[in-house]
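In what follows, a structure is listed as structure tokens, so that the remarks can point back to it.
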Amino acid sequence: MTLSRPTFSHDQADAYDRIAGALRAVGIDLGDCTLTPPRDGKGVVLAIVGKAGSGKTLLLAELFKAMDECGVKVVSGDYEGRSRKDSRSLAVLAPTNKAASVLRAHRVPATTIHRILYTPVYDPEYERIAEWLTGEGERPEIEGLTDIALERAAMSYKAHRSIPGALAAAGLRGSDFITGWKRREAPLDIGFVDEASMLDDRQFDDLREIFPMLVLFGDPAQLAPVNQSGTMVFDKMEDDAKLILHRVHRQDADNPILDLAHALADPELSFEAFEALVEETARQDDRVIWGQRVEVDLMARSPVLVWRNATRIRLINAFRRVHDAPETELLPGEPLICDGLELPLKHRKKRLDMEARGLIKGAQVIYLGPGRKAGFSRLHVIGAPEPQVSAASIVKIEKPGEEEPFIPFAASMGATFLHGAAVTIHKAQGSQWENVQVFAPDLYAAARMGRVEAGQPLWKRLAYVAITRAQERLFWVVRNRLSKPTGQLRTDDLAVPAVPLELEGTEI
């Protein structure tokens with residue numbers, strides 16, 4: 001079988017062949033599409049590293065496509081059928097829902113790392129529908145579900161390959177067909193991990209326990225996890241296990257945003273010289289904007305990226321003031337960032353249920369309004385396959401100069417949220433938006449401090465990560481000013497599934 005490779009560069013082709021050889025050694029031959037049972041032996045870990053624009057995502061997508069065409073079973077995280085002795089499996093993972101959604105936009109059924117570590121326990125009756133949808137069982141007859149409802153489920157699954165989404169299309173809620181959650185016990189097979197620069201040692205060890213073969217895709221120029229002392233997991237790997245991609249791709253040519261990101265590699269480049277380069281680029285290309293103020297209209301869907309926490313808090317409060325948001329409540333359309341779950345250990349099942357719906361630390365959420373129960377919020381989880389949920393919430397609004405945040409409303413316990421109109425560059429890592437605003441005065445402050453991380457000036461790492469979050473347009477904001485909104489906050493632009501998922505039982 002001959003596989004077409006779309007505009008592969010030499011280093012991409014070499015990396016593809018190297019990974020294909022490693023897969024062949026463990027029983028998956030992409031050349032003639034033969035699959036043989038897994039072989040016992042030492043675990044395999046490879047890393048594909050390269051800066052933005054080097055083609056990591058394209059390579060991952062083509063490897064997935066080849067494995068899918070050869071009959072490798074894809075474990076997407078939302079449903080996992082019975083395993084067969086002669087089958088081989090692949091899971092494509094990312095640290096966050098937003099990062100996973102970038103892959104899903106390339107038609108790669110990615111899920112989060114957390115979602116693959118914990119698996120749902122399905123009601124046996126509704127599991128028959130899932131088996132039918134995935135081609136592993138006969139069309140079921142379920143009391144209360146009409147043929148029309150089953151056809152809606154089949155059409156949804158064909159379009160999105162999501163079991164929860166298909167069951168929601170049939171009129172079911174998550175609490176109807178998922179009875180609980182459990183830590184994965186049985187190992188899987190092959191794991192591809194995107195945005196691997198965000199992995200910490202503990203996550204890496206967890207993944208190695210599950211996957212005999214791991215392939216990491218990461219950017220060495222990004223920021224390391226905060227608890228890793230400036231190092232990434234692939235920094236500790238042997239050189240022969242790392243495959244380096246270089247930026248030589250036609251689809252990324254003439255991209256001023258990537259040009260700016262790669263210019264930061266010049267060791268002689270000062271902050272002042274870089275800002276002059278940004279300003280010159282903005283005069284020549286409208287994809288880069290030299291901003292005299294923060295555009296408040298953009299903040300509701302893509303946060304301003306900052307370095308200092310004090311800057312973040314000031315911008316959030318300015319955003320709320322210009323929208324006349326009352327202190328005692330949130331307005332529908334306000335952006336939030338999940339800051340974790342406040343649930344005791346005895347409520348482990350409820351914690352897993354909320355995390356499985358995408359409410360994990362760092363998740364980006366849009367507030368839709370109050371839920372039907374006191375302390376509950378209706379939320380849209382950005383990047384989640386089934387984004388609309390209702391969950392017990394604790395919302396914290398931080399104030400400038402005050403140690404304790406203001407809490408407009410809260411359940412006794414549940415998912416905790418900070419405001420999301422501005423976020424630190426560290427928290428933005430792994431996400432991308434069409435339009436990104438970078439608050440340049442913060443990066444100037446980092447440059448003045450002269451801090452270094454992993455041998456590189458910190459301001460350059462911050463600038464690189466911030467700039468490469470932009471997909472279409474980069475706003476380089478040079479003044480501490482905020483524009484006025486052109487209209488009210490909105491929620492009608494958010495895609496909503498046929499049946500919202502309510503996280504019942506999360507209120508204590």
Side-chain angles (χ1 to χ4, degrees), residues 43-49 56-57 60-61 63-64 73-80 89-106 108-120 162 164 181-219 222-228 231-234 236-237 337-341 348 351-364 381-386 415 426-432:
V44 177
V45 181
L46 295 173
I48 310 298
V49 297
K56 298 185 298 294
T57 300
L60 188 157
L63 284 163
F64 156 73
K73 177 185 174 183
V74 179
V75 180
S76 64
D78 60 27
Y79 175 74
E80 188 177 338
S89 63
L90 166 70
V92 183
L93 314 174
T96 66
N97 265 312
K98 192 68 168 65
S101 71
V102 173
L103 290 172
R104 290 195 291 268
H106 289 81
V108 177
T111 188
T112 62
I113 293 170
H114 189 279
R115 186 63 184 78
I116 217 70
L117 294 176
Y118 296 92
T119 59
S162 168
W181 300 87
K182 64 179 181 180
R183 172 94 180 188
R184 178 179 296 280
E185 297 174 356
L188 288 172
D189 209 346
I190 313 297
F192 288 173
V193 184
D194 197 25
E195 296 288 352
S197 57
M198 298 174 66
L199 284 181
D200 59 32
D201 289 336
R202 182 175 178 179
Q203 290 173 312
F204 184 50
D205 290 341
D206 284 343
L207 292 172
R208 293 193 69 179
E209 286 183 11
I210 294 174
F211 296 98
M213 180 175 176
L214 270 177
V215 183
L216 310 178
F217 295 79
D219 186 337
Q222 291 194 7
L223 295 159
V226 293
N227 58 346
Q228 294 280 113
T231 62
M232 302 173 189
V233 291
F234 44 74
K236 305 170 187 177
M237 295 171 57
I337 300 290
C338 183
D339 198 42
L341 302 180
R348 185 168 176 268
R351 172 184 291 273
L352 295 178
D353 189 42
M354 297 179 83
E355 290 174 337
R357 302 300 183 204
L359 294 177
I360 59 178
K361 191 174 179 69
Q364 298 161 49
V381 184
I382 300 294
E386 289 77 46
H426 271 92
K427 281 196 174 181
Q429 194 158 277
S431 298
Q432 283 192 312

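These numbers were taken from a predicted model, which means no experiment stands behind them.
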For Met237 and Val45: C-alpha separation, side-chain torsions, deciding distance, then whether side chain to side chain contact (heavy atoms under 4.5 Å, CB included) applies. CA-CA 9 Å; Met237 295 171 57; Val45 181; 3.8 Å; yes
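The side-chain contact (heavy atoms from CB on, under 4.5 Å) test applied to Pro212 returns no partner, not counting sequence neighbours. Taking the salt bridge (charged side-chain N to carboxylate O under 4.0 Å, His left out) definition, one finds that Lys56 meets it with nothing, sequence neighbours left out. Residues satisfying the side-chain hydrogen bond (donor to acceptor under 3.5 Å, both in side chains) test with Ser197, not counting sequence neighbours, are Gln222. Under the salt bridge (charged side-chain N to carboxylate O under 4.0 Å, His left out) criterion, Asp189 pairs with Arg88, sequence neighbours left out. Applying the side-chain hydrogen bond (donor to acceptor under 3.5 Å, both in side chains) test to Ser431 and every residue at least two apart in sequence or in another chain returns Gln364. Partners of Asp194 by side-chain hydrogen bond (donor to acceptor under 3.5 Å, both in side chains), not counting sequence neighbours: none found.
Residues Leu60 and Leu103 meet the side-chain proximity criterion, which asks for heavy atoms closer than 4.5 Å. Between Lys236 and Asp201, the closest side-chain pair of non-hydrogen atoms falls below 4.5 Å. In this structure, Ile210 and Asp206 have side chains that are not in contact, with every pair of non-hydrogen atoms separated by 4.5 Å or more. Under the 4.5 Å side-chain criterion, counting only non-hydrogen atoms from C-beta, Leu214 is not in contact with Leu46. Residues Leu207 and Glu209 fail the side-chain proximity criterion, which asks for heavy atoms closer than 4.5 Å. Annotation: side chain of Phe192 is in contact with side chain of Leu63 (closest heavy-atom distance under 4.5 Å). Residues Leu188 and Ile116 have side chains in contact (heavy-atom distance under 4.5 Å, counting atoms from C-beta outward).
Closest of all the heavy-atom pairs between Gly191 and Phe211 is N-CD2, 3.4 Å. Between Leu216 and Phe204, the shortest heavy-atom contact is CD1-CE1, 4.0 Å. Closest heavy-atom contact between Val75 and Ser89: CG2-CB, 4.0 Å. Heavy-atom minimum distance, Ala99 versus Thr96: N-OG1, 3.0 Å. Of all heavy-atom pairs spanning Met232 and Leu223, the tightest one is CE-C, 3.9 Å. Taking every heavy atom of both residues into account, Ala47 and Phe234 meet most closely at CB-CB, 3.9 Å.
Looking at Gln203, its side chain does come within 3.5 Å of a backbone N or O of Asp200 through a donor-acceptor pair.
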